[in-house]
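Down below is the structure, laid out as structure tokens.
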Amino acid sequence: MNSSKRMLTILLALVALQWMSCKPKGASNAAAGGSAEKAYVAPGKYDEFYNFVSGGFSGQMSVYGLPSGRLFRVIPVFSVDPEKGYGYSEESKPMLMTSNGFVPWDDLHHVSFSQTNGEIDGRWTFGNGNNTPRVARIDNKTFRTAEIIEIPNSAGNHSSPFITENSEYLVAGTRFSIPVGDNQDVPIESYKDNFKGVISFISIGKEHGEMDIAFQLLLPGVNFDLSRAGKGPSHGWFFFSCYNSEQANTLLEVNASQRDKDFILAVNWKKAEEYLKAGKGVKKQVRYAHNTWDEKTHSAKHEIRTEVTVLDPAILKDICYFIPCPKSPHGCDTDPTGEYIVGSGKLAAIIPVFSFTKIQKAIADKTYDGEYGGIPVIKYEAALHGEVKKPGLGPLHTEFDDKGNAYTSFFVSSEIVKWNVKSLEVLDRVPTYYSIGHLSIPGGDTRKPWGKYVVAYNKITKDRYLPTGPELTQSAQIFDISGDKMQLILDFPTIGEPHYAGSMPASLIKDKSVKIFKIDENQHPYAAKGEKESKVVREGNKIHVYMTSIRSHFAPDNIEGVKLGDEVYFHVTNLEQDWDVPHGFAIKGALNAELLIMPGETQTLKWVPEKVGVFPFYCTDFCSALHQEMQGYLRVSPAGSNVPLSFSLGKKGADAAEKPASK
Amino acid sequence: MKKMLIVFSFLGFVYACNNETSSDKTSGTESTTKTTTDNGNPSYDPERGAGKFTNVDVKPELDKVMAEAGLKVYDVKCGSCHKLTDEKLVGPGWKGVTTRHKPEWIMNFVTNVDEMLNKDPKAMAQLELCLVRMPNQNLTDDDARHVYEFMRKNDGVK
């Protein structure tokens, strides 16, 4: 008893030391013993939450279980993925097409879930592509990317894809303001005159979730950063943090920190809708890609769209308002009641909390502090509910529990601070290891948070894990927040650099998860539904192999008569109708990847042989005791040779003699 | 502190042991093994197999419509692994299968593969020969009945 008390004292002292020194030190004092069982999920037992985590510069999204931290799946979104053939199969290549052509990588920062009445409804997960501005929709039934839309007039799609409480819209605010319009070949120095910051509102189809750019707002050339939709009373509004109100274009770490306050932009999107209906929008010619995946044909379709409607809030005065926010604000988070908007200045030593009611009153009373780029600027004090004083260093993001408390991440002082939204009083703080960026509470950005865990997504893990060369993994840390004090219960490595993440109860997804694709619903034009339909067809120099796979063979497994100069298309249909029995397909020397074909699905690998010879192919995903026998050969003959096109399966010596493969 | 640790590890050990004893019930992929059957028969009936089919109504003469539908299912889902002769491919040839097993057994096997392969003696013996677990091809009840009728046709029922 005595010793544990002493331990506690030491621990507290260490925590205090941590805070005072403001930089991460010694990892061994983390996770006081005895709390790990809270993260323990016994073998064979299910986790309580699905945790969808952004994969940062990996371009993918990963799915973990909470509280175990077990990795279940990496969903390919914006980057090619040889594990699943994503971006390599002929069917999936169109998903990564853009107005610039095929772009096999992006930088996925934030995830957002579809909502109904301000609560997570479990249908879709969205992610943003930062570099070549894109937004993707993932179907939570298949855990696959169902749609990707490119964002024109945008660069660095960072404040995205935040969603409204009935999934009316999600937003794509540009990080880099850029020249917009016909002449984009302008001097960079002319930033202040020629650069604009565009925010796109993407509508989401009620039934099937299809995305469409409903309208864009043309705004001053600042850098838009993070965003949150209003909810409850503030539904109909959107809030964006932005920095570089100095409109600098070089050495931003100095030049964009000149002003004491930057802004949060409040957007009345219901008003924008009215103007749109009244025909106040201007149609602009642009080019952007819209790509969709069809689960019936097992194929993606890529199309280019050419028009967006732009609204100008400097003319249509009552759409947008700036609210001053100290200093280089990053996070911009709306609490579950929808009344409070928490801004976080990266370089500020306070957290300002704004009141939606006060913002409305300030607008009604025109309590302005002039204009910025034609947009009214609300007086800071008129919008302010209050400030959290001395919370820590480098506040970034805030999530909320179900008891009126906020949890803010502090990058510089590496900690999470819990405070009360109404009273602005600091209640608790815990160190993170190290340099926390985003943090996430299940439903913490909705009207109904499950205030059970907060997960920290950290940028640095020095000293935490076995070293792996110059680069160390990023990590996430789970804290139990069900009591008064936050308690670290587990940390686990993540892929890429995790940015935002969301979690939802497993029950919202688990029983809707697709197990197979029904073979009789397969509408792929090259499907072979049954071995009887397997065949090899020559069309000019194109060879179409209608191939089937089932434990444990391909049909056909011997193919001859292919010649140099031919393009071979392996259309492989997986005949299995059983959960979790994909088959793979790979052929020697292919300048490509493998296929991974789900039960009932057809996927195509294009292969252009460059040498004469016999090329083996095989199944890459272990499927049965005879998986190693799941293989075949394809013979390539010189151009102009007279080897007839033939294919076979299971013919024995005597049968094969009937169809000699002659020269 | 050391004492605490010992207590903790002991608790953990006990917990793990408990877990082990309870987990053998849920081993295997599907539902747990019940010792009573639906009609109250206390023991497993190897003639009927495990599954929902307890009494299949089979007419002496062939139902041609059903057999025709069964052929279509065979072509898509069965033909890759089963020949219609007695030759073993991946799975056993179908010649004579309706004389070896009751209709209930066959229909239970094709719709409830995992459980059958885990506990039916005849199914397990067959797996020892083929070494590839039959894929659950997600046949509907009708599919299963049609395939059975097609098997009868293959076995010469007119």
Side-chain angles (χ1 to χ4, degrees), chain A residues 1-7 10 32-37 40-45 515-522 527-534 547-557 573-581 583 599-600 623-630 649-650 652, chain B residues 1-5 7-9 11-12 15-20 22-30 69 71-85 87-91 93 110-114 117 127-140 142-144:
Chain A
M1 194 64 198
N2 244 345
S3 70
S4 62
K5 227 177 204 174
R6 206 178 307 141
M7 281 272 295
I10 292 169
S35 52
E37 72 265 23
Y40 181 71
V41 178
K45 299 284 180 214
K515 295 182 173 176
I516 59 163
F517 297 104
K518 285 188 181 152
I519 189 88
D520 39 347
E521 290 173 6
N522 181 327
K529 298 186 195 181
E531 226 160 67
K532 231 182 167 179
E533 294 183 9
S534 67
M547 184 179 274
T548 62
S549 63
I550 194 161
R551 282 165 273 184
S552 302
H553 62 271
F554 293 107
D557 66 2
T573 301
N574 182 349
L575 294 177
E576 308 277 358
Q577 291 288 275
D578 197 358
W579 202 6
D580 192 28
V581 192
H583 286 291
C623 54
S624 74
L626 297 171
H627 161 72
Q628 196 71 357
E629 281 73 8
M630 192 165 176
L649 168 77
K652 290 174 184 165
Chain B
M1 197 57 204
K2 234 181 199 170
K3 230 181 250 168
M4 287 253 299
L5 266 179
V7 169
F8 265 117
S9 55
L11 281 175
Y15 183 59
C17 289
N18 279 340
N19 215 32
E20 216 162 87
S22 64
S23 73
D24 62 359
K25 265 189 236 156
T26 49
S27 70
T29 40
E30 289 300 308
L71 170 63
K72 286 191 179 129
V73 176
Y74 170 82
D75 279 342
V76 177
K77 295 187 167 180
C78 318
S80 307
C81 302
H82 297 281
K83 285 205 163 191
L84 297 177
T85 62
E87 186 192 354
K88 174 180 148 323
L89 200 56
V90 178
V110 300
T111 54
N112 188 31
V113 190
D114 283 315
L117 283 177
L127 179 59
E128 280 182 30
L129 293 176
C130 299
L131 290 172
V132 174
R133 289 175 74 90
M134 184 175 120
N136 179 352
Q137 287 293 80
N138 263 301
L139 299 187
T140 64
D142 282 346
D143 285 345

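First the proteins, then the strands, lettered A, B, ... as listed; each starts at 1.
- Using a 4.5 Å cut-off between heavy atoms, A:Leu649 does not touch chain B at all.
- Of the listed residues (A:Lys529, A:His627, A:Glu576), the one with the most heavy-atom contacts under 4.5 Å to chain B is A:Glu576.
- Residue contact with chain B, scored on non-hydrogen atoms closer than 4.5 Å, involves the side chain of A:Ile519 exclusively.
- Nearest approach of A:Leu626 to B:Val132, heavy atoms of both residues: CD1-CG2, 3.4 Å.
- Of the inter-residue distances, the one linking B:Met134 atom CE with A:Asp578 atom CG reads 9.5 Å to the nearest 0.5 angstrom.
- Nearest heavy atom pair, residue A:Gln577 against residue B:Gln137, reads N-OE1, 2.7 Å.
- Heavy atoms of other residues, nucleotides or ligands lying less than 6.0 angstrom from NZ of B:Lys88 number more than 12.
- No donor-acceptor pair closer than 3.5 Å links the side chain of A:His553 to the backbone N or O of B:Cys81.
- Between B:Leu89 atom CG and A:Glu531 atom CD the span is 7.5 Å, to the nearest 0.5 Å.
- Closest approach of A:Leu575 and B:Ser80 over heavy atoms only: CD1-OG, 3.2 Å.
- In the displayed structure, A:Glu629 atom CD is contacted under 6.0 Å by more than 12 heavy atoms of other residues, nucleotides or ligands.
- In this structure, the portions of A:Ala625 lying under 4.5 Å from any heavy atom of chain B include both its backbone and its side chain.
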